[in-house]
Every structure is written in C-alpha cells, then in structure tokens.
Amino acid sequence: MPELPEVETIARALRQGSDIAPPIVGKVFTDAVILWERSLETPSLEEFKARIPGQKVSDVGRRGKFLHIRLNDVSLIIHMRMSGGITVESQEKNIAPHDRLVLNFDDGWRLVFNDTRKFGRVWLVDDPEEIFSKLGPEPLDAVFTPVVLHQRLTAYRRQIKLLLMDQSFLAGMGNIYTDEALHLACIYPLTRSDSIKEKQAQALWRSIRQVLTDGILNNGASIDWVYRGGEFQNYFRVYQKTGEPCPVCKTPVVRIVVGQRGTHLCPTCQPAPGE
DNA sequence: CACGAGACCTGTTCGC
DNA sequence: TGCGAACAGGTCTCGT
C-alpha cells in the first residue's frame, strides 16, 4: 500500500509522536518477537533476536518507500509493500490477526509491523546503503530537477508509467501517484519515455512534485481496510475513478492495464501519441 | 534492453 | 444467496 507520502507520514508519526502514541526516538528495545519468519529478510532470526535488545532509536526517516529506523549502530529498515502497516501501541493490547513482527520497548510500548498479505520485508543492516544504493533519486530532493528528469527519461525507451514506477529510476512513486501525476501532466501512460519533450518533462516534474506534496499534506491516502488516517483519497483525479467524469473535461475516466497494473486515465486529456 | 507472465499472500468486491 | 473470478498501495525472477 504505502507509496512515498504514506511512508513519509508514518516516519513523521514515529519521529514526532501522534495523538495516540509517543515518539519512538529515544526508546530502547528489550526484545523482538517474530510471528511470520519470512517477513524478516536479513539477518537470520537468531541474529536479529540477539541484536535488537538494548538498541536505542536515534532517528526515523524514509528513503523511497522504505522506512528507515536508525538504532545505536544498526539500521532497521522496513518495506510495507502492498498491505503493511506500522503501529506504536501498549504491550497490554492483544496481538492482532496479521501482526508479523513485534518489537518491545523497555517502557511498556511496542512497535508492531502488521502485514495482511505478507509481502512486506524487514532488514537489520549495518549500512543502510546496502539497500538504498540501488534506488533512483528522491523526487522531492533539490537535485531532482526537470532537466535531470528529461535526461533520464530519454535515456530509456520504456513505457513512461512503468519507468516512473521503477524504483531504480525514481524512488517512491507507486500506482496511485503515478496515475495521478500523468493525468495532471496530460501524458498518456504508454508514451515511450524517449519521446517526451523537454516541455512535457517540465510539466511531469511539476505534477510529480505536486501529487506527492499534496499526498503528504493530506497524510497519505487510505483505501479499503489498509492504512488509516490519510485523506488524500478524497482528492484522487483518476485513480480508481473508472467511468466517473474527468475533473478537467468531464470525459469518463478509462481503465487499462499497463504492466499488469490497473491504470486510470482520461482519454481526452491524455491522448495516445499520434492522435 | 524491455516486456509479459508468474510468484508471493490474504481479503474484498464483482458478476453470473 | 452462493461461488468462483477478478482485483488490490509492490517487487522479484524467469522466459522471450
């Protein structure tokens, strides 16, 4: 589920606390309980359980869709994939049906990774770059400029939607924000990336930054039973709006499949090249 | 290199 | 009403 804005929202809540839980920065872990072994990517179960006790949280951040929890001398990294979520709760609470990893603190609170579909993964590594080094630029970083985007787009001959969702090309875009950004930029999702003109790249750059920023300002998007608290779903332009009028021109939104992913677009605002 | 299919998983919604 | 198909925020691997 979580794309960049949702992970950013979670990182901020863990760092600063929320109305239902305190910040975790400064807290010390006592132990780890793993309820679904495959959620732990690395290291081994034994090593993980041995290294967690005594580790103190020093900071919480994000890189792409990865949540980065800095500890004393290691990094705890979590990717929530499709259905993962993180909560900070009292140790008095019962374990929920899809809790996969429970990390207890020494003050009665615990950090829980819940993940219905079991796609999410957790790493404990000495150097976070072991994982982050393969990621593309951060879309909200100052080094990511319209010129950089244009240069990178034209270096490949890919369907633009799939390229934007490729985490080694750009870190953090998923199915929702990519559909929204392409609609805002009036670009057809199957357009070949090397055919994008400089002006289109500028519009796309602005659109990417805008949808991500709006997503963050609204605490991310909450759909179905996964992920609570966000409001950005109330501002979707085309995502999951099949048959509803385009907010710009009223043409019904169309759903196609691109790279096995449902893709939503306005056929009038985002005409296929050659029309 | 670029793409499609299949895998990994569970739960909800859709269509007949 | 019931039941199987389709679909869901993601990513990896394999075959062409």
Side-chain angles (χ1 to χ4, degrees), chain A residues 1-11 35-42 62-67 77-86 96-101 113-123 131-136 139 152-182 189-196 211-212 214-216 218-243 254-264:
Chain A
M1 138 265 163
E3 303 179 33
L4 187 155
E6 289 75 33
V7 181
E8 180 67 30
T9 301
I10 290 167
L35 295 94
W36 181 253
E37 287 192 30
R38 297 192 60 180
S39 294
L40 179 63
E41 183 73 35
T42 196
R62 175 195 62 74
R63 176 79 168 90
K65 302 175 190 172
F66 291 87
L67 182 67
I77 295 171
I78 301 174
H79 196 305
M80 290 168 269
R81 295 279 174 88
M82 293 286 264
S83 61
I86 305 280
H98 306 298
D99 287 351
R100 308 300 181 198
L101 170 65
F113 174 53
N114 181 286
D115 182 22
T116 304
R117 293 177 69 180
K118 301 177 177 172
F119 289 162
R121 290 293 181 268
V122 175
W123 296 257
I131 292 162
F132 299 159
S133 63
K134 61 181 187 299
L135 295 175
R152 289 174 67 80
L153 286 173
T154 53
Y156 301 93
R157 308 174 60 168
R158 300 268 304 273
Q159 297 171 347
I160 190 153
K161 170 166 178 174
L162 297 183
L163 190 52
L164 293 177
M165 292 206 300
D166 182 333
Q167 301 301 297
S168 67
F169 179 81
L170 186 62
M173 296 289 283
N175 209 32
I176 294 176
Y177 293 91
T178 302
D179 279 4
E180 294 294 301
L182 288 171
L190 291 173
T191 306
R192 265 181 43 180
S193 60
D194 62 341
S195 74
I196 295 289
V211 297
L212 293 176
D214 287 351
I216 291 170
N218 286 285
N219 300 312
S222 313
I223 305 176
D224 300 334
W225 77 100
V226 185
Y227 185 72
R228 319 280 170 190
E231 295 294 331
F232 190 62
Q233 68 280 6
N234 299 323
Y235 302 95
F236 287 167
R237 303 161 63 89
V238 290
Y239 184 75
Q240 288 190 344
K241 297 282 188 189
T242 307
V254 165
R255 179 184 184 276
I256 62 175
V257 174
V258 181
Q260 299 170 299
R261 309 301 299 277
T263 297
H264 313 79

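The distance from atom CD of A:Gln240 to atom P of B:dT12 is 15 Å, rounded to the nearest whole Å. To the nearest angstrom, P of B:dT10 lies 7 Å from CZ of A:Arg100. For the pair A:Met80 CE and C:dA8 P, the interatomic distance rounds to 21 Å; values are reported in whole Å. Regarding A:Glu41, its CD atom lies at a distance of 13 Å from the P atom of C:dT11, rounded to whole Å. Taking atom CZ of A:Arg192 as the reference point, atom P of B:dA2 lies 9 Å away to the nearest angstrom. We find that NZ of A:Lys241 is positioned 16 Å from C1' of C:dA8, with the value rounded to whole Å. Whole-Å rounding puts the A:Leu162 CG to C:dG10 P distance at 12 Å. Atom pair A:Arg158:CZ and B:dC1:C1' shows a separation of 9 Å (rounding to whole Å applied).
Here A:Arg255 lies in heavy-atom contact (under 4.0 Å) with sugar-phosphate atoms only. Using a 4.0 Å heavy-atom cutoff across all strands shown, A:Arg157 reaches sugar-phosphate atoms only and no base atom. Using a 4.0 Å heavy-atom distance criterion, A:Tyr239 is classed as a sugar-phosphate-only contact. A:Tyr156 comes within contact range of the sugar-phosphate backbone alone, with a heavy-atom separation under 4.0 Å but no base atom that close. Counting any heavy atom pair closer than 4.0 Å across all strands shown, A:Gln260 reaches a base atom.
Stacking between A:Phe119 and C:dT11 is absent: the ring centroid is not both under 5.5 Å from the six-membered base ring centre and under 30° in plane angle.
A:Gln167 places a side-chain N or O within 3.5 Å of a backbone atom of A:Met173 that can act as its donor or acceptor partner. Within the 3.5 Å criterion, the main-chain N or O of A:Gly64 finds a donor-acceptor partner in the side chain of A:Arg62. Using modelled atom types, one side-chain atom of A:Arg121 and one backbone atom of A:Lys118 make a donor-acceptor pair closer than 3.5 Å. In this structure, the side chain of A:Arg100 engages the main chain of A:Asp115 through a donor-acceptor pair within 3.5 Å.
Of all nucleotides present, none satisfies the Watson-Crick or G-U wobble test against B:dC9 with each distance under 3.5 Å.
Residue A:His98 places at least one side-chain N or O under 4.0 Å from the OP1 or OP2 atom of B:dG11. Contact check, A:Arg261 against C:dC7: no side-chain N or O comes under 4.0 Å of OP1 or OP2. Between A:Gln167 and C:dT11, a side-chain N or O to OP1/OP2 separation shorter than 4.0 Å is present. Look at A:Arg117 and you won't find any side-chain N or O under 4.0 angstrom from OP1 or OP2 of B:dC8. Dashed line: the shortest gap from a side-chain N or O of A:Lys118 to OP1 or OP2 of B:dC8 is not under 4.0 Å. Dashed line: the shortest gap from a side-chain N or O of A:His79 to OP1 or OP2 of C:dT11 is under 4.0 Å.
Between the P atoms of B:dC8 and C:dC3, the separation comes to 27 Å (whole Å). The P atoms of B:dA5 and C:dA6 are separated by 14 Å, rounded to the nearest whole Å.
By the 4.0 Å N-to-carboxylate-O rule, A:Asp179 lies too far from A:Arg237 to be salt-bridged with it.
Of the candidates C:dT11, C:dA8, B:dC8, the closest approach to any side-chain atom of A:Arg38 belongs to B:dC8.
Between A:Phe232 and A:Tyr239, the distance separating the two ring centers is not shorter than 6.0 angstrom.
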